[in-house]
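Encoded as structure tokens, the structure appears first; notes follow it.
All figures in this text were calculated on a predicted structure; none of them were measured in a lab.
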Number of protein chains: 2
Amino acid sequence: MDKIPILRMGPFLLVTIQVDLYDRLALNLESDLVQMVSKTNARGVLIDISAVSIVDSFMGRIIGNIANMSKILDAETVVVGMQPAVAITLIELGLPLKGVHTALDVEKGMQLLRSKIEASPGEDLNDDDDSISV
Amino acid sequence: MDKIPILRMGPFLLVTIQVDLYDRLALNLESDLVQMVSKTNARGVLIDISAVSIVDSFMGRIIGNIANMSKILDAETVVVGMQPAVAITLIELGLPLKGVHTALDVEKGMQLLRSKIEASPGEDLNDDDDSISV
């Protein structure tokens, strides 16, 4: 299976990462997600990594990429379910996942996304200080 | 990774199957799910199989088992995202997934579960004709 399913849940998209993200799979996920955000007009992306126990700089970069791409398309990204060991590794690798929100589980992640949508209901892309330089 | 993550979404549990369900993984999933249903008091289980392109009788049996176990614990099971080829194979294998509800995607599956919960809000286990003989 060389595709990670993207589930639509109302205004959000949910991705559960269960397998090691090798090159092609990660690139597929990036492009699938961005297309899906655009097609479904999604306002948020939830990435569940509770099954991920080993993380490397590649995976950290992929998550950062997805967050930045979604942000340009006006969707916030929340990473949920991170295992403590993964958090330790990410910081030790020098990857603090800038621009990525995190939450303990999917429910809390959805609450976070909902509060973010309510805080900025507009469709204007480059609102103020948190625009991304591309 | 020898565990499939189970995500809690309000009164429902969501499982996305992305890898081949070999013996131990399937048994782990069964026991994890049943424990989670009991622990979280879940009223419904959503199993997303949109990434599954090949199905065999073992997998059909596992899904049937999960549905029956959940039913005893007063939770309905909905399988969502089945690929047409998988539906063809299941019928040709003589596995019509009795007792398992299906829906096109997660959103429709959630609607189905919500309507089922509203239709039978009680906690009574052996209500009428659809009790399972164990």
For this session: For side chain to side chain contact (heavy atoms under 4.5 Å, CB included), just list the numbers for B:D32 and B:K3, CA-CA rounded to whole Å, side-chain angles, deciding distance to a tenth of an Å, and then say yes or no.
Result: CA-CA 9 Å; B:D32 286 355; B:K3 250 178 189 283; 3.0 Å; yes
With a cut-off of 3.5 Å and sequence neighbours excluded, list every side-chain donor-acceptor pair involving residues 9-17 of chain A.
none

Check whether any side-chain heavy atom of [X] sits under 4.5 Å from a side-chain heavy atom of [Y], and report yes or no.
X	Y	answer
B:R43	B:D74	yes
A:L97	A:M82	yes
B:I6	B:L33	yes

Exercise. Is there a donor-acceptor pair closer than 3.5 Å between any side-chain N or O of B:Q83 and the backbone N or O of B:S50?
Worked result: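 Yes, because the side chain of B:Q83 sits within donor-acceptor range (under 3.5 Å) of the backbone of B:S50.
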Per-pair distances, 0.1 Å, donor-acceptor, side chain in residues 57-66 of chain A, under 3.5 Å, sequence neighbours excluded:
unit_1: A:N65; atom_1: ND2; unit_2: A:E30; atom_2: OE2; d: 3.1

Exercise. What residues of residues 103-114 of chain A sit under 4.5 Å from chain B when you count only heavy atoms?
Worked result: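 Listed by number, the contacting residues are A:V106, A:E107, A:M110.
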For this session: May I ask you to list the residues in residues 84-94 of chain B that approach chain A closer than 4.5 angstrom, counting heavy atoms only, ordered by number?
Result: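 So far as heavy atoms go, nothing in residues 84-94 of chain B approaches chain A to under 4.5 Å.
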Problem set entry | Shortest non-hydrogen separation from B:D56 to B:L95 and the atoms involved |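 Residues B:D56 and B:L95, closest heavy atoms: O-CD1, 4.3 Å.
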Exercise. How far does CG of A:L46 sit from CD of A:E76, to the nearest 0.5 angstrom?
Worked result: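 One gets 11.5 Å once the value is rounded to the nearest 0.5 Å.
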